[in-house]
**Student:** 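Sharing a structure, written as structure tokens. Questions coming.
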Amino acid sequence: MNESAEITTNDAKAKQVISALTKKDYTVHYAATKAEAKDLSLGLIPSGATVGLGGSVTARELGLLESLRNNGHEVFDHWEQGLSEEEILSVRYKQTVADYFLTSANAITLAGEIVNLDGLGNRVAASIFGPKNVIMIVGINKVTRDLSEALERSQRVAGVKNAQRLNYSTPCVTTGECIDCASPGRICNISVILHKRPMWGKLPGREYHVILVGEEIGF
């Protein structure tokens with residue numbers, strides 16, 4: 001596919017997903033580029049707000065962690081160097097009650113269904129209930145035709161790449177392919193599907209934002 005054809009295809013995908021998410025009551029934004037996505041994300045978070053970051057590669061690729069700290073926000077990041085196991089767990093709990101929680105999705109369908117896999121559960125838990133506001137940033141590369149394809153992508157693409165990134169002791173780290181293992185280090189233990197915006201997302205002072213990025217980002 002040439003570049004102009006890919007852009008046209010991505011535009012069509014974006015329009016369909018945005019329409020579907022809007023009908024499902026999310027507060028939807030479109031950012032054509034990563035730079036726009038970063039500026040938009042930062043603009044949604046008011047001064048003084050606490051921010052939870054649930055291990056999102058997308059948020060880190062955008063450089064949001066550094067910018068938020070430079071802007072004076074208290075950021076709950078369990079990847080911070082030098083934390084003990086007990087401190088990491090404490091940070092994960094704080095993420096679930098932050099003013100804002102930054103996350104992404106492993107896949108999103110053209111019909112607006114959002115799919116995430118998790119090993120421990122803290123990331124998907126915070127994306128469902130707890131933080132006052134959620135900002136979910138999703139690259140166009142994560143858009144799938146339907147729920148079946150979304151679940152497949154979440155496990156066999158995102159799951160494998162995340163396990164490799166974290167160097168877990170799972171077969172997929174070596175083979176590059178998911179075999180639906182029974183490994184103790186298995187990263188895809190929990191599947192969560194958002195069929196529609198959670199009910200709390202329209203309460204006063206609370207929002208569930210989805211930012212669709214017109215470029216590939218994260219996995």
Side-chain angles (χ1 to χ4, degrees), residues 17-18 20-29 37 41 44-45 49-60 62 64-65 68 73-79 88-139 142-144 146-155 157-159 162 166 186-213 217-219:
V17 173
I18 290 167
L21 289 171
T22 301
K23 291 175 182 177
K24 292 174 180 289
D25 291 335
Y26 294 97
T27 302
V28 188
H29 313 264
S41 301
L44 291 172
I45 303 173
T50 59
V51 182
L53 186 64
S56 169
V57 171
T58 296
R60 294 169 198 276
L62 290 177
L64 289 174
L65 179 61
L68 287 165
H73 293 282
E74 183 178 9
V75 180
F76 304 129
D77 174 28
H78 64 270
W79 285 5
I88 290 172
L89 185 60
S90 176
V91 171
R92 281 177 163 138
Y93 280 126
K94 289 178 181 178
Q95 291 167 357
T96 66
V97 292
D99 295 322
Y100 284 78
F101 183 70
L102 290 174
T103 188
S104 186
N106 295 138
I108 183 168
T109 72
L110 291 171
E113 296 155 316
I114 300 170
V115 176
N116 266 312
L117 292 184
D118 211 344
L120 184 64
N122 61 296
R123 180 174 64 96
V124 294
S127 73
I128 297 171
F129 183 82
K132 294 179 181 178
N133 300 274
V134 172
I135 300 175
M136 180 175 284
I137 310 163
V138 188
K142 299 183 179 183
V143 175
T144 64
D146 53 33
L147 190 55
S148 176
E149 188 175 291
L151 289 166
E152 181 83 2
R153 185 192 190 281
S154 298
Q155 187 165 344
V157 177
N162 272 309
L166 297 167
R186 177 181 164 119
I187 200 171
C188 44
N189 296 326
I190 304 162
S191 300
V192 167
I193 303 170
L194 285 169
H195 296 281
K196 192 177 179 182
R197 170 195 49 79
M199 293 172 68
W200 59 261
K202 286 295 181 181
L203 294 174
R206 295 172 184 261
E207 290 280 357
Y208 204 117
H209 299 272
V210 178
I211 300 174
L212 184 64
V213 187
I217 185 169
F219 42 76

**Student:** Taking the side chain as every heavy atom from C-beta outward, state whether L62 and V213 have any pair of such atoms under 4.5 Å apart.
**Tutor:** no
**Student:** For residues G119 and N189, report the shortest heavy-atom separation together with the two atoms involved.
**Tutor:**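 The answer is O-ND2, 3.1 Å.
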**Student:** For H209, check ring pair (Phe, Tyr, Trp, His ring centres under 6.0 Å) against everything at least two apart and list the hits.
**Tutor:** H29
**Student:** Going by ring pair (Phe, Tyr, Trp, His ring centres under 6.0 Å), name the residues that satisfy it together with H73, two or more places apart in sequence or in a different chain.
**Tutor:** none
**Student:** Can you sort out the partners of Y26 under ring pair (Phe, Tyr, Trp, His ring centres under 6.0 Å), two or more places apart, ordered by chain and number?
**Tutor:** Y208
**Student:** Is any side-chain heavy atom of K142 less than 4.5 Å from a side-chain heavy atom of T58?
**Tutor:**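 In contact.
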**Student:** Which atom pairs, donor and acceptor, lie under 3.5 Å between side-chain atoms of residues 124-136 and protein residues at least two apart or in another chain?
**Tutor:**
residue : atom : partner : partner atom : Å
S127    : OG   : V124    : O            : 2.7
N133    : OD1  : E207    : N            : 2.7
N133    : ND2  : D99     : O            : 3.2

**Student:** So which heavy atom on F219 is nearest to which on R153, and how close?
**Tutor:**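 Here F219 and R153 meet closest at O-NH1, 3.2 Å.
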**Student:** Report yes if the side chains of L21 and I114 come closer than 4.5 Å at any heavy-atom pair, otherwise no.
**Tutor:** yes
**Student:** Which is it for V115 and L147 under the side-chain contact (heavy atoms from CB on, under 4.5 Å) test, yes or no, and what are the steps along the way?
**Tutor:** CA-CA 8 Å; V115 176; L147 190 55; 3.6 Å; yes
**Student:** Say whether, by atom type as modelled, one donor and one acceptor occur between the side chain of R197 and the main chain of D25 under 3.5 angstrom.
**Tutor:** yes
**Student:** Using the salt bridge (charged side-chain N to carboxylate O under 4.0 Å, His left out) criterion, which residues pair with R92? Sequence neighbours excluded.
**Tutor:**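 Here no residue qualifies.
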**Student:** Is there a side-chain contact between I211 and L44 in this structure, where contact means two heavy atoms from C-beta onward sitting under 4.5 Å apart?
**Tutor:**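 In short, these two side chains touch, coming nearer than 4.5 Å.
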**Student:** Set out, in order, the CA-CA distance, both residues' side-chain angles and the distance that settles side-chain contact (heavy atoms from CB on, under 4.5 Å) for L194 and K24, then state yes or no.
**Tutor:** CA-CA 10 Å; L194 285 169; K24 292 174 180 289; over 6 Å; no
**Student:** So which heavy atom on F101 is nearest to which on G54, and how close?
**Tutor:**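 Where F101 meets G54 most closely, the heavy atoms are CE1-N, 3.6 Å.
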**Student:** Mind checking whether S56 and L102 have side chains closer than 4.5 Å, heavy atoms only?
**Tutor:**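 S56 does not reach L102 side chain to side chain.
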**Student:** So which heavy atom on N116 is nearest to which on S104, and how close?
**Tutor:**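 Scanning both residues completely, I find the closest heavy atoms to be ND2-O, 3.1 Å.
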**Student:** Can you run down the salt bridge (charged side-chain N to carboxylate O under 4.0 Å, His left out) pairs that involve residues 102-126, sequence neighbours left out, and say none if there aren't any?
**Tutor:** none
**Student:** Any chance you could lay out the side-chain contact (heavy atoms from CB on, under 4.5 Å) test for H78 and N122, step after step, and finish with the verdict?
**Tutor:** CA-CA 11 Å; H78 64 270; N122 61 296; 3.9 Å; yes
**Student:** What are the two closest non-hydrogen atoms of A20 and G112, and how far apart are they?
**Tutor:**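 Residues A20 and G112, closest heavy atoms: CB-N, 3.7 Å.
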**Student:** So, for L65 and R60, which heavy atoms are closest and what is the spacing to 0.1 Å?
**Tutor:** CD2-NH1, 3.8 Å
**Student:** Using 0.5 Å steps for rounding, measure from the CG atom of N106 to the OG atom of S154.
**Tutor:**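 One gets 4.5 Å once the value is rounded to the nearest 0.5 Å.
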**Student:** What is the distance from atom CD of E149 to atom CG of L151, rounded to the nearest 0.5 Å?
**Tutor:** 10.5 Å
**Student:** Kindly check if the number of other-residue, nucleotide or ligand heavy atoms within 6.0 Å of NZ (K202) is above 12?
**Tutor:**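 Yes.
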**Student:** Is V17 close to L110 at the side-chain level, that is, under 4.5 Å between some pair of heavy atoms?
**Tutor:**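 In short, these two side chains touch, coming nearer than 4.5 Å.
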**Student:** Working to the nearest 0.5 angstrom, can you tell me the gap between I137 CD1 and L212 CG?
**Tutor:**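 Separation between the atoms: 11.5 Å.
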